12 protein chains.
Amino acid sequence: MPDHIYKKLEIVGSSPNGLEEAVKNALARAKKTVRNMRWFEVTETRGWIEEGEVRDWQVTLKVGFTLEE
Amino acid sequence: MPDHIYKKLEIVGSSPNGLEEAVKNALARAKKTVRNMRWFEVTETRGWIEEGEVRDWQVTLKVGFTLEE
Amino acid sequence: MPDHIYKKLEIVGSSPNGLEEAVKNALARAKKTVRNMRWFEVTETRGWIEEGEVRDWQVTLKVGFTLEE
Amino acid sequence: MPDHIYKKLEIVGSSPNGLEEAVKNALARAKKTVRNMRWFEVTETRGWIEEGEVRDWQVTLKVGFTLEE
Amino acid sequence: MPDHIYKKLEIVGSSPNGLEEAVKNALARAKKTVRNMRWFEVTETRGWIEEGEVRDWQVTLKVGFTLEE
Amino acid sequence: MPDHIYKKLEIVGSSPNGLEEAVKNALARAKKTVRNMRWFEVTETRGWIEEGEVRDWQVTLKVGFTLEE
Amino acid sequence: MPDHIYKKLEIVGSSPNGLEEAVKNALARAKKTVRNMRWFEVTETRGWIEEGEVRDWQVTLKVGFTLEE
Amino acid sequence: MPDHIYKKLEIVGSSPNGLEEAVKNALARAKKTVRNMRWFEVTETRGWIEEGEVRDWQVTLKVGFTLEE
Amino acid sequence: MPDHIYKKLEIVGSSPNGLEEAVKNALARAKKTVRNMRWFEVTETRGWIEEGEVRDWQVTLKVGFTLEE
Amino acid sequence: MPDHIYKKLEIVGSSPNGLEEAVKNALARAKKTVRNMRWFEVTETRGWIEEGEVRDWQVTLKVGFTLEE
Amino acid sequence: MPDHIYKKLEIVGSSPNGLEEAVKNALARAKKTVRNMRWFEVTETRGWIEEGEVRDWQVTLKVGFTLEE
Amino acid sequence: MPDHIYKKLEIVGSSPNGLEEAVKNALARAKKTVRNMRWFEVTETRGWIEEGEVRDWQVTLKVGFTLEE
């Protein structure tokens, strides 16, 4: 019976345009090597500042994906 | 003398378009049954992934509202 | 030898338009008196509600900046 | 469009027989007044001791359920 | 056999006179609609300042009460 | 008037058979030297693995007991 | 050379009259068997409710005391 | 448009007489150099013990104040 | 000299039958690709509800295993 | 069958020379009255400052030791 | 445009000689299979005790490294 | 009567040589502008990696100092 087992990765995405795009970029990269991603959890939101302005948002997320049998 | 008393609800809003809209959707629904909402606190940010992309943002928030006398 | 030392400030930015703009507003104000800001960490996300809608996002952030020798 | 909104309750179930049954008891009681329960999160596990033995397990859980439109 | 089930509410009491009275005010209000309150847990202590002095203490508490069969 | 005072111990019980039995074992041992135990709080759940299977569950618990006058 | 070593106890004091007196009661009891207490840290504030009013405040504190050589 | 920006200070007040007075003392001192204080958040409650009795309560609080334009 | 180095994985096991079996299932799956697993730490316990009953327990655990030289 | 039971103590070691020596000092003192110490966990690292320099490191650790049958 | 994406590993290094060397050992081992490591975060500091003395420091760290395009 | 009031700063010291020296460097810099520093609390330990080795330890600490009357 299919009791699913998942694994969680921790990745950090970045973007100059904001939190949502940083997450999007992280997933776009993870997708290249990870199949069956199911959910993410944001665990940290930070950013780099340059000349008093946000140069890059940095969002840490845990990504859960199904482990195939 | 009016020492206000508040109650806090915990609700989860979702939206394919991002964090702000997930909060907005949660409040729009809560407004139907709760009066006098005053503030919210984001306690968790997660989301569901489909085909390697964010299908839905899910934001958990506590909402404080005034209890009427 | 340049072992950098940083100081962290804790500030709260607000904006009716969302989380990113609240951070931007906080940094714009901090920039007037603080030089060499390097990074920020979001530590709290809240907001004020009026008539059942978000009137203001409030984002608390720690800002790290280099202390000059 | 069906962007689901959920509400979370916090309840405490108890049982002399262990953690799983305490959760089961809590849900059995909640089911009487709450429809559409979707998930639970265990937030605290405690118990009462009598004569040096566990008299009752007490499990605190948050229960998420769908708010109907 | 009476394995008790409890529910927890989260409320915020306020008072210009201090922490204990803020809790007392919160319970006095809750008592109007909630029966069988058993315990409380203080989860946050804050306050509003006016002219450099405490205008109001604000205490957030979780209140546990027995759910009747 | 009997305002009770309690002390808390932190102990770790273990068992190959699961969480409940690990707690039971911990209390059975504590009972030899501690009287008037009233409650426990689970603070950590871990275990040792051998050959890819759980060899031992390890549960850390705080135990509250009444201090006699 | 006097590099002090301390031990920490965790105790729970209670009082119908408030937080400060609960701490005072806890220390008065601890003093009977512990010498050289130096500081305390409040780690939890709870209470029991009866008839909708606080029957007892319960304050958990860690107490640090010097271990004699 | 007046999107307020706040700064948070972390201060520690002390008093032999209890938690509320420790907070009051901290604010009285802060008021000498900080204008426009709006709120405080208690983050830690400790104290020093002498001869088995509380010599001083020590309350750590974060104080939020408006940054003027 | 054998100063061991370990790596930690984060996995999620599920089972309709309870917490212990969810952990067991997670380890059974992990064993297929990971050698030398030594210990686990439970970091989250949740579950899915269907028709008011627990359909699946979901336990998140970190698993430590020895990295071979 | 030897399902081990452990107890945890919380002690604070100090040293002018650093974190490792503060831990060493704490264990050297604990060893006088506690047998069968197995592991420690650092839970807090602080220190006292004098004339702008570290006078003493203070490390809080929990120490686990086997309870004999 | 190079919006960097990072992945985080969680590893545990050990050493009889102290915290810094435990970190060094962990990185030396990780370097064999991971390229482009950028930063680490210490998340836990523990150790094993033998005959009342530290036999091994154990430091858990998260290591961030750049994911290549 | 001298009920002391303290303020806390948050600073980050760095050093290629380890945790203790990073703290020392932070205090040496803070001393230039802050008088009457009394204690510090380590709140975060991180570092930068270069070529698989620690290039810099980064220690975040809160520093408490007496506010003069």
Side-chain angles (χ1 to χ4, degrees), chain J, chain L:
Chain J
M1 215 206 69
D3 297 331
H4 291 311
I5 308 297
Y6 308 90
K7 192 174 168 184
K8 282 190 188 182
L9 290 182
E10 193 166 20
I11 53 178
V12 185
S14 65
S15 159
N17 299 326
L19 204 147
E20 277 91 351
E21 195 166 310
V23 170
K24 191 177 153 186
N25 288 348
L27 294 183
R29 176 62 185 77
K31 181 162 98 173
K32 291 182 184 175
T33 54
V34 184
R35 279 192 297 180
N36 299 319
M37 297 191 290
R38 295 295 182 226
W39 81 90
F40 66 92
E41 310 161 20
V42 173
T43 58
E44 202 178 29
T45 305
R46 317 167 51 108
W48 294 106
I49 304 173
E50 212 168 67
E51 308 282 330
E53 299 189 0
V54 180
R55 191 196 67 201
D56 258 321
W57 285 80
Q58 272 205 328
V59 181
T60 304
L61 51 166
K62 294 197 175 181
V63 176
F65 61 96
T66 315
L67 283 173
E68 293 164 38
E69 288 308 303
Chain L
M1 214 206 69
D3 297 331
H4 291 312
I5 307 298
Y6 307 90
K7 192 175 169 183
K8 282 190 188 181
L9 290 182
E10 193 166 21
I11 53 179
V12 185
S14 65
S15 161
N17 300 325
L19 201 147
E20 278 91 350
E21 195 164 311
V23 169
K24 191 176 153 185
N25 287 350
L27 294 183
R29 177 61 185 78
K31 181 160 99 171
K32 291 183 182 173
T33 54
V34 184
R35 279 193 295 178
N36 301 318
M37 296 190 291
R38 295 296 183 223
W39 82 90
F40 67 92
E41 311 160 20
V42 172
T43 58
E44 203 179 29
T45 305
R46 317 168 51 108
W48 294 106
I49 303 173
E50 212 168 66
E51 308 282 329
E53 298 188 2
V54 179
R55 191 196 67 201
D56 257 321
W57 285 80
Q58 272 204 328
V59 182
T60 305
L61 52 166
K62 294 197 175 183
V63 176
F65 61 96
T66 316
L67 284 173
E68 294 164 37
E69 290 305 303

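Numbered from 1 within each chain, the chains take letters A, B, ... in sequence-line order. All values derive from a computational prediction rather than experimental measurement.
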Given heavy-atom pairs under 4.5 angstrom as the criterion, report whether the side chain, backbone, both or neither of Val34(L) touches chain J.
neither
Atom pair CG (Leu19(J)) and CG (Leu19(L)), whose distance is rounded to the nearest 0.5 Å:
6.0 Å
Distance check, rounded to the nearest 0.5 Å: Glu44(J) atom CD versus Glu41(L) atom CD?
7.0 Å
Top of Gly47(J), Gly18(J), Gly52(J) for chain L proximity - count of heavy-atom pairs under 4.5 angstrom
Gly47(J)
Output for pair (Glu51(J) CD, Met37(L) CE), nearest 0.5 Å, gives 10.0 Å
Answer yes or no: are there more than 12 heavy-atom neighbours, outside Lys62(L) itself, under 6.0 Å from its atom NZ?
yes
First locate atom CD of Gln58(J), then atom CZ of Phe40(L), and finally report the distance between them rounded to the nearest 0.5 Å.
9.0 Å
More than 12 heavy atoms from other groups under 6.0 Å of NZ on Lys24(J)
no
Could you tell me which non-hydrogen atom of Trp57(J) sits nearest to which non-hydrogen atom of Glu20(L), and how far apart they are?
CZ2-CG, 3.5 Å
